[in-house]
Amino acid sequence: MRKGLIIQLVVLGVIVGALSTLVAVFIPWLPELGSEEGGRIDDVYWLTTIISLAIFSLVAAASIYVVVKFRAKSDDDDEDGKPIHGHTGLEVFWTAVPATLVTVIAIYSGIVLVKNEQLPADHRTIEVTARQFAWAFTYPDLGVTTGVLRVPVGEKLELEMESEDVIHSFWVPEWRVKQDVVPGTTQRYIVTPTKLGTFPLVCTELCGLGHATMRARVEVLSKADYEKWEREQKGAAAAGGAEQGKQVFETAGCGGCHTLGAAGSTGEVGPDLDKVLPELSEEQIRESIVDPNAKLTPGYQPDVMPQDFGDTLSPAQLDSLVEFLAGAGKG
Ligand code: CUA
């Protein structure tokens, strides 16, 4: 009788365990891994998943068995089960097992956190500014601020993060590491990107009406491409004026939406700059960049162009962009 019960429980447990393991393993719950630190975080995730699967199988097997075996007969209206009180062995068991598991997870997570926060003294630092509702990235060595985070692959980086208003949270799903950005403090975020490509940066702290739109692009470049981009930024910054402005036009992604012969861009989402620029003064060009809804070109909708270039570009970058565009408008 007792042996029969154990066999039935084990069979049920194995079936439930197998089904839930299939769900855990064969559904891609997470995007492809893109950082060294993320690999360790995935290990913690798998450790807790395996523990959860084991406990779930145990509980589900017992529940299914009890529901089937002790189902009330249709004519059984009022018979309750025998009251049972106190079972020291059982209580010790279900206190000791969870306590041990939670301790194991805590120690393992602690080790992962310490490893993930190790940073060589000689490392690259990029400043991240969060504000409602945009991200800005400043490269102190280059004197450049952009709305796109560009980083070299395979290098351990530090992001120094500050918020100008409320709490935001920095998350690149492929990197796994997530960090709240709390106003009044500087948060450190350490990451070693391992995968080339373009990834989304998402704000994961409800920070106001525009929270859902608080996204940015992350580009992980090869060492050579990153150094090339750095050289271009340095060269443009040194040259200043219209030349820097052309660089800003490309870096900020203006060409994705606007056609402009002087920059060789053919975007068609926004107004054709070759047509509209000749009619605009420098002041009007500046206003169209900083506050694009102020005056709309007939036939174009408001809120399509980002509203935050006044924040994501440094004053020098903005000046040079205006100078470049004014020059392009004069032909
Ligand atoms: Cu910033 Cu949500």
Side-chain angles (χ1 to χ4, degrees), residues 28-35 37-38 41-42 44-45 109 113 116-117 119 124-140 142 144-151 157-193 195 197-221 248 251-254 256-257 269-270 289-294 301-315 317-318:
W29 296 101
L30 296 170
E32 218 181 311
L33 181 64
S35 82
E37 292 73 12
I41 290 175
D42 281 1
V44 178
Y45 166 80
S109 306
L113 277 180
N116 276 2
E117 307 238 311
L119 187 65
R124 197 186 300 275
T125 301
I126 301 168
E127 293 164 12
V128 177
T129 308
R131 65 172 71 85
Q132 291 169 316
F133 299 98
W135 299 95
F137 311 99
T138 302
Y139 295 75
L142 304 175
V144 167
T145 301
T146 89
V148 177
L149 178 59
R150 288 179 184 79
V151 294
L157 310 161
E158 181 184 29
L159 305 182
E160 248 180 41
M161 311 206 281
E162 283 181 6
S163 168
E164 287 187 355
D165 35 51
V166 299
I167 302 177
H168 302 276
S169 190
F170 180 104
W171 189 45
V172 177
E174 283 78 0
W175 289 352
R176 305 293 195 265
V177 191
K178 188 189 271 186
Q179 176 65 57
D180 277 7
V181 193
V182 181
T185 63
T186 302
Q187 312 288 336
R188 293 164 76 235
Y189 181 104
I190 295 157
V191 68
T192 316
K195 196 161 168 273
T198 301
F199 307 104
L201 158 59
V202 192
C203 175
T204 55
E205 185 70 50
L206 184 60
C207 54
L209 273 181
H211 162 68
T213 64
M214 192 168 161
R215 289 165 165 261
R217 204 165 78 231
V218 176
E219 287 181 8
V220 180
L221 306 171
V248 174
T251 312
C254 310
C257 292
V269 176
I289 297 169
V290 175
D291 186 8
N293 286 350
Q301 298 294 316
D303 298 327
V304 176
M305 177 161 156
Q307 316 279 305
D308 53 20
F309 283 119
D311 295 321
T312 57
L313 299 176
S314 71
Q317 285 178 305
L318 190 58

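Ligands are counted one by one from 1 in listed order, and the atoms in each one are counted from 1 as well.
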Atom 1 (Cu) of ligand 1: which protein N, O or S atoms are under 2.8 Å away? H168 ND1, C203 SG, C207 SG, M214 SD
For a quick check under 3.5 Å, do T192 and E37 share a side-chain donor-acceptor pair by atom type? yes
Set of side chain to side chain donor-acceptor pair (under 3.5 Å) partners for T204, sequence neighbours left out: S169
Can you confirm whether or not the ring centre of F170 sits under 6.0 Å from the ring centre of W135? yes
Going through the distances and angles, do R217 and E219 end up as a salt bridge (Lys or Arg N to Asp or Glu O under 4.0 Å)? CA-CA 6 Å; R217 204 165 78 231; E219 287 181 8; 2.8 Å; yes
Do the side chains of K195 and S35 get nearer than 4.5 Å, heavy atoms only? no
Look only at the side chain of Y139 and the backbone of T125, and say whether a donor-acceptor pair between them is shorter than 3.5 Å. no
